Q: 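Please read through the structure below; I'll follow up with questions.
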Amino acid sequence: MPTSWPRLERLLQRDHAAVGPKGRTIVHTHDDGRRDRAVLLLHGLTASPAQFERFAGDLFARGYNVLVPRLPRHGHADRMSTALEKLHAAEVLAAVDDYVAIAGELGERVTVAGFSLGGLLTAWIAQRYAVDRCVAIAPFLGVAWLPNAIVPSLSAMVLRFPNRFAWWDPLLRERQMPAHGYPRYATHSIAHALRIAASVLEDASASAPLARQIAFVSNLRETSVNNRATRRLHDRWRSHRSESIEWLTISGLPPSHDIIEPLRPGGLAARAYPQILHAIDPSVPQSENTIERDR
């Protein structure tokens, strides 16, 4: 790693002893230093950088410098860690500011892509940073069954109650895989994410995004996040600037939210992978699978 990247070195040093081997920040840099493009990939809530391991390797092979940071309080080897109970929106957004700055040092132009919580953070970046391209994959802008109008009041109510942990899968509980992610989430972490989502939607009403290109990627049969809220953000941004903002829908997938995790049973991520890689880097030839564009 070039010595001219002390900020990146400090980021890597944040992976303390409690962080597992698969939970650590992934960085791929070329020996000749800064490249024309750097790619920043942001994983989802309770997941880890390993979620984007294949994408990182393939994008690096295409000549880019790639950074997949471990989000704050994620990636611990102890899957039953309670670290997430202290996760706060301000902490996450401060970390994201740092990630964008590091990506800017790694490449002349920056592409940002993220899934779920990472997709929400990608949208937050798109609003505020003049990066080259942002790709929000199934961004967590709301809950599928929950009217978005009540999200702010619900978030405030959840934060007034004691922080609790809940299982992603109440049947599998701690047996839920993959091993590089947590099987539980903290209720306050969800509330803080929803607060970020509300701020993104509010800011989008007032001003145009600064990112040059923006793409939303959704599963036609999404089960968890609110595609209507995502469409609302898309439409608000297009009202300010109609060009270079697109909606990409992947069809042919089963009902699901997590279309990224490579170790999920059934090969779902492998089916979605070509379309998502094409969305991140449009120079990659589009696969035979269906991806529908709606500008």
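Source: prediction; values computed, not measured. Heads up: numbering here begins at 1 and tracks the sequence.
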Q: Under the rule for side chain to side chain donor-acceptor pair (under 3.5 Å), what residues qualify as partners of Arg228, not counting sequence neighbours?
A: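 Per chain and number, Arg228 pairs via side chain to side chain donor-acceptor pair (under 3.5 Å) with no residue.
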Q: Is there a side-chain contact between Ile190 and Phe140 in this structure, where contact means two heavy atoms from C-beta onward sitting under 4.5 Å apart?
A: yes
Q: Is a side-chain donor-acceptor pair under 3.5 Å present for His76 with Ser81?
A: yes
Q: Return yes if a side-chain donor-acceptor contact under 3.5 Å exists between Ser189 and Arg73, otherwise no.
A: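 Result is no, nothing qualifies.
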Q: Spell out, as yes or no, whether a donor-acceptor pair under 3.5 Å connects the side chain of His74 to the backbone of Pro72.
A: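 Such a contact is found between His74 side chain and Pro72 backbone.
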Q: What closest approach, in Å, do Asp78 and Tyr182 show between heavy atoms, and which atom pair accounts for it?
A: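 Smallest heavy-atom distance, with atoms named: O-CE2, 4.0 Å.
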Q: Does the salt bridge (charged side-chain N to carboxylate O under 4.0 Å, His left out) test come out yes or no for Asp98 and Arg10, once each step is laid out?
A: CA-CA 10 Å; Asp98 199 30; Arg10 289 194 296 272; over 6 Å; no
Q: Side-chain contact, heavy-atom cut-off 4.5 Å: Arg37 with Asp281?
A: no
Q: Checking the side chain of Asp36 only, and the main-chain atoms of Glu108 only, is there a donor and an acceptor separated by less than 3.5 Å?
A: no
Q: Quick one: sort the His234 and Phe216 rings into parallel, tilted or perpendicular, breaks at 30° and 60°.
A: perpendicular
Q: Within the 4.5 Å heavy-atom criterion, are Ile137 and Ile259 side-chain neighbours or not?
A: yes
Q: Return the set of residues passing salt bridge (charged side-chain N to carboxylate O under 4.0 Å, His left out) with Glu105 (not counting sequence neighbours), or none when no residue passes.
A: Arg7
Q: Side chain of Arg70, backbone of Arg14: donor and acceptor closer than 3.5 Å?
A: yes
Q: Does any part of the side chain of His188, heavy atoms only, come nearer than 4.5 Å to the side chain of Glu85, both counted from C-beta?
A: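 Glu85 does not reach His188 side chain to side chain.
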Q: Whether the Thr187 and Asn163 side chains hold a donor-acceptor pair (N or O, under 3.5 Å, no angle test) is what I'd like checked.
A: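 Judged by distance alone, the side chains do pair up.
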Q: Any donor-acceptor pair under 3.5 Å linking the side chain of Arg35 with the backbone of Thr29?
A: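 No; zero donor-acceptor contacts below 3.5 Å.
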Q: Are any of the side-chain heavy atoms of Asp58 and Tyr273 separated by less than 4.5 Å?
A: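 In contact.
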Q: Checking side chain to side chain donor-acceptor pair (under 3.5 Å) between Lys22 and each of Gln51, Glu53, His180, which is the one that passes?
A: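 So the option named by the test is Glu53.
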